[in-house]
2 protein chains.
Amino acid sequence: MSKKDRLIYLPLGGAGEIGMNAYVYGYGPEGRERLILVDMGVTFPDMDTSPGVDLIMADLSWLAARADRLEAIFITHAHEDHVGAVGHLWPRLKAPIYARKFTAAIARLKLEDHGVSTDALNIVAARPQVVDAGPFKVQFVPVSHSIPESSALVIDTPAGRIVHSGDFKLDGNPVVGEPFNPQEWHDIARERPIHAMMCDSTNIFSHHPGRSESVLAEPLRDLVANSKGMVVATTFASNVARLKTLADAGEAAGRSVCMLGRAMKKMLTAAVETGVLTDFPPIVSPEQAAQIGRDNLMLIVTGSQGERRAASAQLSRGRYLGLALKEGDTFLFSSKTIPGNERGVIRIMNAFSEMGVDVIDDHNGLYHVSGHANRPDLEAVHDLMKPTMLIPMHGEHRHLREHVKLALAKGIAAEVATNGTMVDLTGTRPEVVEYIETGRIYLDGAVLIGAMDGVVRDRIRMALNGHVLATIIVDEDDVPLGDAWVEIMGLPALGRNGTSLADTLEADLAEFLDRVDAKTVKNDDKMDEAIRRLIRQVSVEEIGRKPEVTVVISRLMAD
Amino acid sequence: MSKKDRLIYLPLGGAGEIGMNAYVYGYGPEGRERLILVDMGVTFPDMDTSPGVDLIMADLSWLAARADRLEAIFITHAHEDHVGAVGHLWPRLKAPIYARKFTAAIARLKLEDHGVSTDALNIVAARPQVVDAGPFKVQFVPVSHSIPESSALVIDTPAGRIVHSGDFKLDGNPVVGEPFNPQEWHDIARERPIHAMMCDSTNIFSHHPGRSESVLAEPLRDLVANSKGMVVATTFASNVARLKTLADAGEAAGRSVCMLGRAMKKMLTAAVETGVLTDFPPIVSPEQAAQIGRDNLMLIVTGSQGERRAASAQLSRGRYLGLALKEGDTFLFSSKTIPGNERGVIRIMNAFSEMGVDVIDDHNGLYHVSGHANRPDLEAVHDLMKPTMLIPMHGEHRHLREHVKLALAKGIAAEVATNGTMVDLTGTRPEVVEYIETGRIYLDGAVLIGAMDGVVRDRIRMALNGHVLATIIVDEDDVPLGDAWVEIMGLPALGRNGTSLADTLEADLAEFLDRVDAKTVKNDDKMDEAIRRLIRQVSVEEIGRKPEVTVVISRLMAD
């Protein structure tokens, strides 16, 4: 370690939010550090802040501008918020990607979906295999989570050993995949002291110890065994352990099991092909399922978050792939509702209620456990690893802050570092050295746009205010032709006195064009401004709101 | 009771949703029943389903068309979802309004806000006062809830006694306002058997007995006493008892109390003026508060649901009325987050976290209790009243259905009746006799529009798909002028190959205009259709989405 080298940490996504994880580590002389990236995730849009957007990902421009210094990309696990952006953003980085087998299988599908070569993708075994990436030596250490093969990273650097926790919980019996192994972590910390730990903060506000995935087997078996009619269960498609527990419960009750939803099939196939999942009960196709009596059938379906196009929502609207729920059937949410998704989930619950279907959700924790370490579990991990410093990640600001308070109370140096905060980890305490401009990139249809480009802002404005279009024609002599055309969209047809808004606007515009002075007519900007102001003013009078206005001035040219 | 008379119940709002309550009762010969209306509430819009809308209320057209048969309107309590539409919709009904003193004070403000005469408003005392309304004799019976003076209605009809529960909980010590009095209800049921009960269903899924408002006094006092810096608490403005408990806690800790937010002041004033609230601690103005040391100050503010314009959101964005939070202050949500409001609330929590403010919410029920009867409480009320039949109200479909199941299990005849379901209550079991077309009315700026008018649908489409405007000019000889103008709004400026979307569209349109046949040019509909199709097709190629398209064809006329 040369005197001038430094070890830096820079979250570009995932710190100050739950979603779109992207964490950079660097080592070397200032401004010339060799870099690695951990995770390339997405987050999901919503109508309030990102209507019409397909996916949201971290703006990796800072990293793309330094791609020549990027040694490698590591993917900790196959959740969308960790791997979802790999197809979209890898072409801007072009560094080797390392992941374990199952995760790599999902990453491969994502690269292929975008027609990106998969040559950069490398499958790595768990520790003790070591990936050399410039000054970094990286090992994947299995941890338990809500997807198979989730891994923490042990990152050895000349400035010390880093543990990047990834997403984890303390589960000794996760049904599918490896348990959390305290002995291994004990060994890792004894082998070389943990200089810094970047740690999952999702459940910092959950004060009870977390529960094992395996505790669900019995309640789920009982529920399915005691249900009449068709049983339909939904959960996160990537929770392969849960899929197995649910399918086992169905099989134990003598029911044929049918899986609905593309994401679920993709995950199951990858899990079976990579060998992480064995002895899954036989499944039947939707066509076969349609021929089976409903008392002998169990469906496991996508859409636990109320997504409009997923199987659960389709079933809530009626027949889907030949299958339909009816009075006396049971629909189980073996999941929790992520904050912000409540409306969609409740809509589905009520639709099923209207069909006479009994909807069961997870009010008492009987049918779902979280995939993240709760507060006492996090404390246990702090105690096990004894890091010199701790930087919380994978959390909103309130989670990060609370996690820092917890660490400080234990005498661990800690710092809140949100997206764009570059932290120097070289010494014995984290030191904020720079703020990098970061942000969000939207996948919008087929193109990537910046969150601040104004595109989505304009959509929100049209949604809130409606849109008025005014078309004016000015003739060869700079005289406006008498009539103006007005079209309205997303606005009441009639104003408060019952007269047509469009007609009123056209009449007032015609009057304006009649008396407008020649100088204004010649100036597009002035015309635009005057017409816009007129339309907004008349609209306020007529309908009590100021719409968005687009003015098109067409000027006829002399032949 | 003549042989042909019947007793009917018809919810027009509030049954199949939580919000915009409006329930009709009728008695008389079929089609000539004399009617009463209970409650005229609103519900609140959201970006997903009603962007730009100001308020949502029940479509009372059915009732308006029969206004000559409407004897009276009764308002059970002053929550927005029960009284909020009175200013907007009363002019369509024009029947006398009856309410108790505090409720009437709030209703009066709403009528005045809309310039509606308050002559129709009548203040009624609690039972034993009786309001005669045609065949109905109506008494207001105090119940406990989360607002003063909440009342159930005892409605005597020739066909039997009805209890309309209103919103209630079983609280023997509600801090402000009357307790729930089991003895009085026992007497009411003994006086005359309860033929039918329309019952609050909000908390049917809460399996533990409800808790009294009074249990919060001690935890809140402790919390405020043990906090350093400024303490800011938010709750529902109408929960006058909570305001008092919070203010008492502030006073006990030696803090001056300041209230922020228009709704809160309105409620407090009405409560004091009508005498329902006495001995509230002295309050200081924001100007005075700004001069008081933060350790000696407590703010009670509006905005517990994250509303963007309320005091809590203002404070989360910085200084508000001269007051600002900072590191070490405490912000308390003495409230629950209504499903659908999570994002707004979380946004505020994180903003305060960034300031270093400790945010405390109600995870453990220490600082908030619900205003509605839980399942065991509902059962206790069923047992107390022993109604012959029960129709659940004030709930989504899943709540109503669960409540019906509970009643049926107790041997009470029960039926799910959602908005528009007319139920004949004359016999010993509810009988659905008709479905009335109902819906929602939006207050949109200054005008009322129907939810199905397409206005909001167009807004949502523009938000999801963006908007392209194409302007074409056709000359006197039906020849399109070569250039087309295209404006885009809410769409990416550049297509997937980096070329301008608007330029590409204009070029392709120009080419189309060049080769279009004369017959098409003469036909507005055909032109519109062809241009729309072209724009959508090119947009899919360029940006991967189909925008909303507005085509304006201007035809020049020969002079």
Side-chain angles (χ1 to χ4, degrees), chain A residues 16 46-49 51-52 205 339-340 342-344 346 349-354 356 359 363 396-398 400-401 444-447 449 453 455-456 458-467 469 471 473 481 485 487 489-496 540 542-545 548 550 552 554 556, chain B residues 16 46-49 51-52 205 339-340 342-344 346 349-354 356 359 363 396-398 400-401 444-447 449 453 455-456 458-467 469 471 473 481 485 487 489-496 540 542-545 548 550 552 554 556:
Chain A
D46 60 62
M47 191 70 183
D48 292 81
T49 60
F205 290 112
E342 287 78 4
R343 282 198 202 106
I346 288 173
M349 286 180 169
N350 283 313
F352 284 133
S353 179
E354 287 178 31
V359 175
H363 266 346
E396 300 163 10
H397 193 282
R398 61 196 174 113
L400 306 184
R401 179 165 180 267
D444 195 71
V447 297
I449 58 177
D453 286 2
V455 173
V456 166
D458 284 349
R459 284 187 202 153
I460 293 173
R461 286 183 179 168
M462 288 190 289
L464 292 176
N465 308 326
H467 198 182
L469 329 171
T471 306
I473 302 177
L481 298 187
W485 282 262
E487 300 268 344
M489 190 161 183
L491 289 166
L494 305 180
R496 64 178 102 205
V540 167
E542 290 294 311
I543 57 168
R545 66 165 63 236
E548 299 305 300
T550 298
V552 178
S554 306
L556 301 182
Chain B
D46 60 62
M47 191 69 184
D48 292 83
T49 60
F205 290 112
E342 287 79 3
R343 281 200 202 105
I346 288 173
M349 286 180 169
N350 283 312
F352 284 134
S353 180
E354 287 177 33
V359 176
H363 265 348
E396 300 163 10
H397 193 284
R398 61 195 175 114
L400 306 184
R401 179 165 179 267
D444 194 71
V447 296
I449 59 177
D453 286 2
V455 173
V456 166
D458 284 349
R459 284 187 202 153
I460 292 173
R461 285 182 178 169
M462 288 191 289
L464 293 175
N465 307 326
H467 198 181
L469 329 170
T471 307
I473 303 178
L481 298 189
W485 283 261
E487 300 269 343
M489 191 161 182
L491 289 166
L494 305 180
R496 64 179 102 204
V540 166
E542 289 293 311
I543 57 166
R545 65 164 64 237
E548 300 305 301
T550 298
V552 178
S554 306
L556 302 182

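What you see below is based on every heavy atom in this structure, not just the backbone, and it leaves out hydrogens, waters and symmetry mates. We name chains A, B, ... by the order of the sequence lines, and we start the count at 1 in each one. Quick caveat: nothing in here was measured; it's all calculated off a predicted structure.
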Report the distance from atom CZ of A/Arg459 to atom CG of B/Asn465, rounding to the nearest 0.5 Å. 8.0 Å
Max heavy-atom pairs within cutoff under 4.5 Å with chain A, candidates B/Gly344, B/Ser353, B/Ala446, B/Gly544, goes to B/Ser353
Just by modelled atom types, is the B/Gly52 backbone N or O under 3.5 Å from a matching donor or acceptor in the A/Arg545 side chain? yes
Using non-hydrogen atoms only, which part of B/Leu494 is less than 4.5 Å away from chain A: side chain, backbone, both, or neither? backbone
Using atom types as modelled and distance alone, determine if a side-chain donor or acceptor of A/Arg401 lies under 3.5 Å from a backbone N or O of B/Gly356. yes
What are the two closest heavy atoms between A/Glu542 and B/Val447, and how far apart are they? O-CG1, 4.0 Å
Measure B/Asn350 against the heavy atoms of chain A and call it side chain, backbone, both or neither at under 4.5 Å. both
Tell me, side chain or backbone of B/Ile473 under 4.5 Å from chain A's heavy atoms, or both, or neither? side chain
Starting from the C-alpha separation in whole Å, work towards a yes-or-no answer on side-chain contact (heavy atoms from CB on, under 4.5 Å) for A/Met489 and B/Thr550. CA-CA 9 Å; A/Met489 190 161 183; B/Thr550 298; 4.1 Å; yes
Where does B/Val552 contact chain A at under 4.5 Å (heavy atoms): side chain, backbone, both or neither? side chain
Using non-hydrogen atoms and a 4.5 Å limit, figure out which bit of B/Glu487 sits close to chain A: side chain, backbone, both or neither. side chain
Can you say whether B/Ser554 sits under 4.5 Å from chain A via the side chain, the backbone, both, or neither, judging by heavy atoms? both
Rounded to the nearest 0.5 Å, what separation is found between the CZ atom of A/Arg343 and the CG atom of B/Asp48? 5.0 Å
